Amino acid sequence: RHDNGQRMYRAPMTAVRPVRLNRRAGLTAGASLVGLSTPGTAFAVGEPASMNRQDHAPGTAPPHHPGSQVASRLRDLADARGIRIGAAVASRPLVAEPAYGDVLAREFSSVTCENVMKPGFLQPSPGRFDFQAADAIVAFATAHAMTIRGHTLAWHNQNPPWLERVAASGENAGAALRDHITGVLTHYRNDGPVPVPAWDVVNEAITDTGALRDTLWARALGPGYLADLFRWANEADPDARLFYNDYGAEGMGRKADAVYELLRGLVQDGVPVHGVGLQMHVGIGARQSPSRPDLAANIARLRALGLEVHVTEMDVKLQTGTGTDDERLAEQAQVYADILGTCIEAGVTSFTFWGFTDAHSWIPGFTGKPDGALPFDTTYAPKPAYHALTRVLAGG
Ligand code: G3I
């Protein structure tokens with residue numbers, strides 16, 4: 001499971017090195033995951049996720065027309081069920097590949113910026129905010145009647161070096177983080193011209209064993225820091241819906257219990273927290289995704305605190321399973337269907353994938369192996385997972 005070590009992401013990644021993928025490269029015996037997507041040029045492990053396995057030249061149409069095999073759009077079906085269906089969006093393909101924007105606007109009713117709303121992008125140097133890239137995605141979303149999930153205000157990754165230095169010095173760390181939150185939420189106030197209705201205020205503050213994670217913010221601000229972040233965000237925009245977001249806390253278990261207890265305490269103390277984001281980075285194969293009863297029970301107890309529950313970053317890795325390509329794709333479709341079905345029944349109000357096309361997914365770069373974790377393949381054709389999701393949304 002992804003341990004959030006994130007070492008790969010810290011390495012400087014400069015030149016893009018195209019490599020020919022052997023159809024079985026990096027796979028377990030008998031597998032041919034690469035066959036799941038158009039074979040051809042791929043990019044070496046360690047390159048930015050957004051550059052992985054681009055199978056057609058930027059700016060040109062993909063080989064299959066993305067509209068050809070779709071009967072009903074996810075977003076129309078989701079509207080009818082009263083749930084938002086979303087995708088994390090990368091800036092580069094949105095500009096470079098027409099099919100990317102076409103499918104995004106056609107299928108989804110919510111967007112999350114995969115990277116460009118993180119502090120390293122929004123405040124690259126002290127007091128100098130740069131909203132350009134984020135606002136371009138917000139403008140796209142607004143033009144296509146999509147809502148926006150803001151991601152993320154406080155995390156231990158993707159901070160600008162200056163902010164890391166301030167946090168490490170301990171002096172003025174709280175003021176710096178508070179200024180960041182205030183600057184961002186003022187720009188995106190819900191009574192202003194560029195409203196962002198929901199925010200992941202804090203990302204991944206609990207460890208896999210259920211302890212408070214030892215981060216730059218926990219060290220600088222002390223164990224009670226999470227409550228302050230929500231209060232600062234609420235002061236900056238009282239209309240924003242404020243979320244705690246984490247991975248590996250979807251089903252029942254040590255980490256899920258810790259997240260629940262954290263939120264129970266915050267709610268009890270009157271802290272303005274409105275929801276929980278369950279990331280849902282899962283895989284096929286035994287114990288790689290939460291069981292339906294566990295997921296339902298966890299969502300139910302979080303909702304019983306008065307919190308809204310969103311699925312914020314779902315993808316389903318194929319590399320964790322076995323079998324032929326077709327078998328893996330069928331299993332992946334089942335995992336997507338089981339989780340979406342459980343979430344709809346349990347009252348989840350927003351369901352977001354971490355990307356939507358296998359052409360642009362963080363998974364190969366992070367795991368070092370080719371995969372195909374999303375509902376559309378690298379040519380933007382819908383996969384069995386897509387069809388399973390439409391069936392669930394249609395109530396079948
Ligand atoms: O911005 C630089 C760019 O200037 C440079 O040219 C390029 C070349 O290396 O790198 C760019 O930064 C990359 C950044 O994405 C933007 O593309 C980083 O190297 C890369 O590490 C970073 O990865 C992101 C990762 O968060 C960072 O930890 C992934 O795309 C993104 O999918 C991932 O998202 C996280 C969620 O925020 C929280 N939950 C887990 C999830 C997956 O790790």
Side-chain angles (χ1 to χ4, degrees), residues 1-18 43-54 86-96 100 111-125 130 132-134 136-137 148-161 163-164 198-208 213 215-216 243-250 255 259 276-283 310-317 352-369 371 373-374:
R1 293 200 60 137
H2 113 251
D3 67 1
N4 210 39
Q6 307 283 0
R7 281 176 318 237
M8 204 171 280
Y9 290 129
R10 292 199 171 270
M13 296 191 259
T14 43
V16 175
R17 289 176 294 121
F43 290 94
V45 169
E47 302 301 342
S50 64
M51 294 296 286
N52 278 315
R53 301 207 271 140
Q54 197 166 34
V89 176
S91 296
R92 204 174 346 197
L94 187 57
V95 173
Y100 188 92
V111 300
T112 306
C113 297
E114 184 174 357
N115 285 298
V116 297
M117 280 191 181
K118 294 169 181 172
F121 285 85
L122 288 188
Q123 199 183 172
S125 52
D130 180 357
Q132 218 182 328
I137 292 178
I148 300 126
R149 293 196 80 266
H151 173 86
T152 175
L153 297 172
W155 193 24
H156 51 274
N157 282 319
Q158 289 181 293
N159 289 301
L163 192 56
E164 289 188 350
W199 277 94
D200 292 332
V201 174
V202 185
N203 195 39
E204 302 170 2
I206 302 286
T207 66
D208 295 356
R213 190 185 290 277
T215 69
L216 73 172
F243 282 71
Y244 176 82
N245 192 49
D246 215 327
Y247 67 89
E250 293 86 6
K255 181 162 181 177
V259 169
V276 190
L278 304 177
Q279 291 188 6
M280 205 69 77
H281 293 292
V282 299
H310 289 181
V311 167
T312 52
E313 306 186 13
M314 184 162 182
D315 41 30
V316 183
K317 285 189 285 298
T352 291
F353 307 104
W354 206 240
F356 59 94
T357 161
D358 292 337
H360 301 289
S361 163
W362 71 293
I363 299 282
F366 183 76
T367 62
K369 293 177 187 163
D371 207 294
L374 291 163

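Keep in mind that what you see is a predicted model, and the values were worked out from it rather than measured. Just so you know, these numbers use all the heavy atoms, side chains as well, and skip hydrogens, waters and symmetry mates. All ligand and atom numbering here is 1-based and tracks the order in the structure.
- For Arg149 and Phe243, the positive end sits near the middle of the six-membered ring, less than 6.0 Å away and at most 45° from its axis.
- At under 3.5 Å, not a single nitrogen or oxygen of Asn203, backbone or side chain, sits near a nitrogen or oxygen of ligand 1.
- Using modelled atom types and a 3.5 Å distance limit, the side chains of Asn203 and Tyr247 yield no donor-acceptor pair.
- Against a heavy-atom cut-off of under 4.0 Å, Gln158 is close to the following atoms of ligand 1: 14 (C), 15 (O), 22 (C), 24 (C), 25 (C), 26 (O), 27 (C), 28 (O).
- Comparing His360, His151, Glu313, Lys118 against atom 33 (C) of ligand 1, the shortest heavy-atom distance belongs to Lys118.
- Within the 6.0 Å centre-distance limit, the rings of Trp362 and His281 are counted as a close aromatic pair.
- Ligand 1 places these atoms under 4.0 Å from at least one heavy atom of Gln279: 39 (N), 40 (C).
- By the side-chain hydrogen bond (donor to acceptor under 3.5 Å, both in side chains) test, Lys255 is found to be paired with Asp246, residues two or more places apart in sequence or in another chain being considered.
- When heavy-atom distances to ligand 1 are checked against a 4.0 Å cut-off, Trp155 comes that close only through its side chain, counted from C-beta outward.
- Side-chain contact check for Asn245 and Glu313: at least one donor-acceptor pair (N or O, by modelled atom type) lies under 3.5 Å.
- An N or O contact shorter than 3.5 Å is missing between Trp362 and ligand 1 by distance.
- The closest approach between Phe366 and ligand 1 stays at or above 4.0 Å for every heavy atom of the residue.
- No side-chain donor-acceptor contact under 3.5 Å links Gln279 and Glu250.
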